[in-house]
Each structure stands twice: as C-alpha cells, then as structure tokens.
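For reference, the structure is listed below as structure tokens.
Keep in mind that what you see is a predicted model, and the values were worked out from it rather than measured. The basis for the numbers below is simple: all heavy atoms, side chains too, and nothing from hydrogens, waters or symmetry mates. Chain letters run A, B, ... following the sequence lines, proteins first, then strands; residues in each count from 1.
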4 protein chains.
Amino acid sequence: MTATTPDQSADAAAPTTERGRRKRAAIVSAARAVFEDAGFKDARIADIAKRAGASYGSFYTYFESKDEIFREVVQDVTDEMFETSRSGSGTIDPVERIEIANRKYVEAYARNARMMSVMAEVSAYDDFTGAMNYEIRKRFVDRNAAGIRRLQASGEADPKIDAEIAADVLGGMIERFAQVWVPRRTPEEIEAAVPVLTSIWARGIGLQG
Amino acid sequence: MTATTPDQSADAAAPTTERGRRKRAAIVSAARAVFEDAGFKDARIADIAKRAGASYGSFYTYFESKDEIFREVVQDVTDEMFETSRSGSGTIDPVERIEIANRKYVEAYARNARMMSVMAEVSAYDDFTGAMNYEIRKRFVDRNAAGIRRLQASGEADPKIDAEIAADVLGGMIERFAQVWVPRRTPEEIEAAVPVLTSIWARGIGLQG
Amino acid sequence: MTATTPDQSADAAAPTTERGRRKRAAIVSAARAVFEDAGFKDARIADIAKRAGASYGSFYTYFESKDEIFREVVQDVTDEMFETSRSGSGTIDPVERIEIANRKYVEAYARNARMMSVMAEVSAYDDFTGAMNYEIRKRFVDRNAAGIRRLQASGEADPKIDAEIAADVLGGMIERFAQVWVPRRTPEEIEAAVPVLTSIWARGIGLQG
Amino acid sequence: MTATTPDQSADAAAPTTERGRRKRAAIVSAARAVFEDAGFKDARIADIAKRAGASYGSFYTYFESKDEIFREVVQDVTDEMFETSRSGSGTIDPVERIEIANRKYVEAYARNARMMSVMAEVSAYDDFTGAMNYEIRKRFVDRNAAGIRRLQASGEADPKIDAEIAADVLGGMIERFAQVWVPRRTPEEIEAAVPVLTSIWARGIGLQG
DNA sequence: AATGAATGAGGTTTCATTCAT
DNA sequence: CATGAATGAAACCTCATTCAT
C-alpha cells in the first residue's frame, strides 16, 4: 500500500440488489478475517474471495483494490471503537467513572485486537490508516481531557496538571496496556489489572487523598 | 518473513579480511537505512546493495537472506536499547531517578524510533522480532519493578500496590508516549512533557505526600 | 529438482472451462517439447510459456513448479510405455511372440526416446522420476518373466534357468539396445537388428535346437 | 555445460612444483567426490574447493572452468574402465573367458558406478562426455566382437551370427545389468547373477551343445 | 453481474567466474 | 601463486489487476 489520502470517488458501484448487498457484506467480512489472520501485506485477494464464497472477479465488482477494502474494514473498526467508548455512565463517583471508561476501552480493544494490530502495521506506510488510528486515539484522549478538566473545575483533581498532556499520557497507558495484555493474558488477569490502571490514573491526576 | 526461531547456523561466512569487514558493516548500515525508510516488506535487497555501494551478489556473500540481515539490525537496536537504559544514576531522590530513567528511555527510543516502529510492524508475523521486542520491554519493565519494590521497602511508595503490574503499566505509559510523541513532536515539546510523565508515575505509586 | 515423493496435494487448480483445458494441454505439450530439447535443468519456465503461447504467469495458474509439470510429462510417458507394451499378440509361435514383444518395446521407446533419456538424467536426483523409471522397467521385466515361466512349463525353455534373472537381464538387453540404437541409427538398421535380439533371447533361454 | 568438443588448449598452466602437483591432485579428487555426490549441475565450485582444502581462487589457478575439471575426472574414469578390462585371461575355455570378461566389466563399473551414472546424465547435453561414454562402450564392444569372430573362426560359435551386432547387443546387456544391479543389489546377488549372464551370452552366440 | 483465466512487473536468490590484495 | 571478496546475468515464483466469455 502506498501512502494515500482517502479517495471517495469509488469506481466500484454500490450494489443495488439485496443479493448484491449480501455478497458485498460477505466479502467485507471475509476480508477482515483474512487481514486478521495474515496482516495486510500477506493477505491475498484470492483468499478473501474464496473465504467469501465469491469468485476472483467478483471481488473487483465491489471493490477497486486491496487498499479500498482494507480501508473499509479499517473504517468499520474505527466506527466500532468510537461507538463503544461513547456511551457515558450514570455514576457520579469520578474514580468509578474512570474505571468504567478504562474497562470499556479495553473491552472494545479486545473485540478488535487483531485489526488494531494490523492497523499499527499498516499505519507505518499508509496515510489513511494512520489517520484512522489517529482519530481513534484523538477521540479517546479528548474525552479523557474533558473529564480531567471537569474534575479540575470541581476541585477534585489537581489544577496544576496540564489536562491535555495528562490525558494523552494516561490514554497512552491504557492503549499500551490493551496492546500488550489483550493478546497475551486471560480475561481474568486483565480484569484484575484494571483497578491498578484506575488507581494509577486517579492518583496521577491528584484524585483521592 | 515467516515465523521463525533464531537460527545460529549462518551459512554466509564471516569476513576474514579487513576489506570484508568494512563491506559487511556498510551493508548492515545501508540495510538499517532502507528498513527505516521502507519498512520490512517494501525494503528491497537491490536498494540495500546499491546504498552500500555493493553489488547484488555481494549482499549474499554476507547474508543468507533479507530475514537474516533484518535480524542483525534488530539485534543491534535491541542491544542499544539495553545498553542505554542500563547505566544507573547517582542521585538519591527517587523522583529524580524516575525522571532520569524515563528521559533515558525516551532518548534511546528517539535514536531508534524508525526501527522500533518497523519492529512493531514485523513482530506481527515474525517470532524472532517479537521476541526481541519482548526482551526490550521486559528489561525495561523489570528494572522499573525493582525500583518500585525498593521504594516500597523504604516506605516511600505505597506498599499495597502490585509492583509488577504497576511497573508494566507505567512502563507501557512511557513506551506509548515515546511511540506517539517522538515521531510527531519537537524535542522541546517532548522535553516539556517528561516532567508530566514523571509526576504521574510518582503519584501513581504513592510517592510524595 | 530435489528428491521428492509424489505429492498429490496439487495447489494449482484444475481448469474448469474449456478454454482452461486447452491452455493447460498446450502448456503440457510445450513443456514436453522443451524438456526434450533442453533436458530438465536447462529447461526454463519462460521457454515453456512462450512455446505454449502463454504468459509467464499462466504457467503458474496450472502448475505449482517446474517439478510438478515435469512429473506430469513423466507420467504421460510412463502411461504410454505401459499402454503400448500391453496388448498381447495372437500368434502361438514363441519366437515370434518374443520378436513382436521386442519390436513393440523398441517402437514405444522410439516414440518417447528423448523423454526417456531425460528421465534417465533426472532419475539421478529425483525419486519420483526414479520410481517411474523403475515402474516402466518392472512392468516390462515382469511380463518377460511370466513368458519365460510359461515356456518352461510347456517344456520349450530350459527349466534350469532362473526366470526372474533371465527376464531382468534380457529385458535390460532390449532396454540398452533401444537407448543406444534409437537415437543413432536409422529405422532400417534397427529393424534389421531386431531379429538378432530375438535370436539371442530365444537361444539364451534354451529355445530352439 | 554447453555442447563442446574437447579443447586441449588449456589456459591453466600445469603445475611445476611438487606442492602444485599435490594440490592439483587434491582438487581432482575432491571434484570427483562432489560430482559423485551431487551430479554435474548441482556440484558447486565452492564445494570442490572447500573439500580440497583449497581456496576459491586456487581452483582457477589449476582449472579453467567447471567443464574442464569435469572432463578431467571423466577422462580418469574412462582410463580406468579401459585399463581394467584390457588384461586378457590365461584360460582357454571360451565360456570361462566370457565369464571373466563379464565379471571384470561389472567390477570396473562398480568402482566407477556413481561417475558412470553422472556421465550418463551429462552425456545428454555435453559432447565430450558423450564421446567418452561412446569410447568406453566401443572399446568393450569391439573386444567382444573380436572374441566372437575368433570363436566363429574356430567353429565354436554359430558362423551365421553377425558378430558386430551380437557383440553390441550382448555388451549392452552387460552394461545395463551393471547399471541396474550395481547400485541396488548386494555384491553376493550380483556375483550369483553373473553365471546367468554368461550362460545367456554363450547360448546366444551358439556356444555349447 | 459473475466467473476464472491471463498478464507481467517485481522481487529474491544462486553461483560460475573475475579481480584486488 | 594464494586468497576470498565482488560481480551480475539468469532463473524462479508471486499476486494484484485486467479481460474474455
């Protein structure tokens, strides 16, 4: 994949029939599975087509290129990472809110772990994927920053802290935790570590005596 | 690159003459530059040879394959990351020690940033590189854990904290900070952020009132 | 070609369309011609493809490797050598039967002479081809042994002779005759020598006063 | 190896010192071993040099090319095949003489079996080797023809037989026997089969009853 | 639309031979 | 003469993309 900017002028027409929509969806789903198994470079169109029960040529009826379908899968992942982390919580206790947010992020990451890893691979040489990665991160960090500023305003968090940097750094801590722990540890181990994350986070911004 | 374990049975001979040593070093150096520019998959032997002022065949005088030279470069990076982070500091103040350690890691990362990124790419499908990455991380995290335990023993850090998990998580925070900031920010911005990292770290383990 | 055992897990798909079948057959035919001209080692995929009017890649649509197509050609030759020598003769005179069998073998060899020679070359380092060569020989020798035993049972051939060894040795005589004479002599010379072969064979097993 | 005619204008000088002669002999010996192990095409100059304890460059001090050294080895084999089969026997009994000659050929073949097989491989594309093979065969067949004519003159063998063709055909029987049996059977089995060869040969030319 | 065959640029690797030291 | 590094022409194989049916 060469460095590119998103190109919306898709030549491959959107399917008009129900059957076409199903086939298209099958290809996207198969592509995601193949990318997860093989990474981007080693994924072959032939494998995607076979896995989708489609022919070689059918792939190109729906997608212009390998890049294009990869971007569609990346977009799906990005959307889901957004979606999941969006819903707020009803609680009032700030530490509990932080823990819920952290847990949500880790859970969303777990559902998309392989693709997140492949996106990290591809970001190295593809601008679009890099931008998507950045978006996911930015959304997460921005929400964290807003939360910290709110806690500073209410006098619960240390007002001397730079909220943007702290949110960036602490968000990175969660990201890295997910990257490292999700593929290697059991759900129970991860669950047990989340309170440690929360505690560090809370102390880090001066919450709690 | 297919998943592999380190293989010491190098078929390509070590150079016996001074001239050979120079050419070999030139190839390693050129290879690193090419990997940094292009990543692993897109790096071409032809480019490495040309950049080293060597012929196509000369490459294969010293290295069996693209995999082999990549591992040599990875080994070099790993060694340097170890080397740098090893030397202790003379100070006694724990916060200052943490800051020095963090700054050292970030500086070492900065010197190897592109290769660290390529290694992240390749770790996805190559066991050797994955193992090297793991080694770097483990070394860093272990040192941190020892430091935390020491501070707990001296009563400076909160003894209720699980030192291993905290070291893992806080180490990840530094790693991710380096990954994200080094390629995108100026040295000044990074320098300015390090105290934030240090502060969060220190508070996170219960240092300071 | 490295030593191998036959591998039935062909990855290259069998053609499903008529067009595909034609192209595949053209490639097999071209391959045989190229192997006959150049032997195995010097045969180049590019030449096979060009001769078949196909592109480089088309070759790999149907065959995994040079080894695989060589085996297919070898299989064809083997089949034809079997086929030809199978049909019995109607005559009752044992000497006449021997002469017919010898002539048939030599004729079959003549039709496949170049490939038989290439197979001899390749047998030196490839197990599959060696096995095919062995099969051809075994089939021929076994039939001869049965014939000799029949003649011994009917009292026409010397019963003291070891039929298996005699069949092996006399079969080898025919094989070697074909190897040496077919490429170097005219059909007329060969035709004229066949009765000598027959006479030696017949006398050798004690037929005729 | 491309088709060539023997070229006596060797550029590589004959060694003048004793040490040079020894090294040259070591290279020839190593080359033979490598050709026997690997055949012609797969034999590498590097392996020959290493096996001879010589450097890469030394090889080219003594030999112009891979072809040249192969021809030297082939010449050695040819000489030895000649040498061995030359010495006559003292006996008078014609059948015994035939048996001795056959046994001698098989024994000489056994000593050179691997190289004879490699020569068969190379004969397919190299004229010089083909000529050597032909020489070996011709010498053997000619001697046989002379023997048959002698027996015809003395009234022991059937005078109606064409001595040249019979010698060719029966010689081929021995050759093929050696090719097939030597690599696959034990010396005892071979020894046991030689009388069958002799018997067929003797009967074939009308000797005995 | 669907199918699957056809294309060919692009990359890796080998190794006989030459050449600088 | 000895050494071993340097050269580069081949040759193989892959696979995204195009195209004929």
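Legend: residues meeting side-chain contact (heavy atoms from CB on, under 4.5 Å) with A:S65, ordered by chain and number and at least two apart, are A:D67, A:E68. Applying the side-chain contact (heavy atoms from CB on, under 4.5 Å) test to B:T78 and every residue at least two apart in sequence or in another chain returns B:V74, B:Q75, B:F82, B:M119, B:M132, B:I136. Legend: residues meeting side-chain contact (heavy atoms from CB on, under 4.5 Å) with B:S123, ordered by chain and number and at least two apart, are B:T129, B:N133. Partners of C:R44 under the side-chain contact (heavy atoms from CB on, under 4.5 Å) rule, at least two apart in sequence or in another chain, are C:D47. Remark: B:F59 engages B:F63 in a ring-ring contact (aromatic ring centres under 6.0 Å, His included) (not counting sequence neighbours). Applying the side chain to side chain donor-acceptor pair (under 3.5 Å) rule to A:D37 yields the partners A:R51; only residues at least two apart in sequence or on another chain are considered.
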### Task
Would you sketch DNA chain F in dot-bracket for me? Only Watson-Crick or G-U wobble pairs with both distances under 3.5 Å count, crossing pairs as [ ], other-strand pairs as |, the rest as dots.
.||||||||||||||||||||

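For C:A54, the side-chain atoms get nearest to E:dT7 when compared with the rest of F:dT3, E:dT7, E:dG4. Of the candidates F:dA6, F:dG4, E:dA2, F:dG4 carries the atom nearest the D:S55 side chain, counting heavy atoms from C-beta on.
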### Message
Protein within reach of the bases, or only the backbone? For nucleotides 11-21 of chain E, mark each nucleotide 5' to 3' as B, S or -, using heavy atoms under 4.0 Å.
### Response
SBBBSBBB---

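A straight line from CZ of B:R24 to P of F:dG4 spans 17 Å, rounded to a whole angstrom. If you measure from atom CZ of D:R21 to atom C1' of F:dC1, you get 15 Å, rounded to the nearest angstrom. Here the P atom of nucleotide E:dA1 and the CZ atom of A:F63 are 14 Å apart, to the nearest Å.
Applying the salt bridge (Lys or Arg N to Asp or Glu O under 4.0 Å) test to pairs two or more places apart or on separate chains, those with a residue in residues 26-36 of chain A are A:R32-A:E36.
A salt bridge is defined here as a Lys NZ or Arg NE, NH1 or NH2 lying under 4.0 Å from an Asp or Glu carboxylate O, and D:E64 with D:R71 fails to meet this definition.
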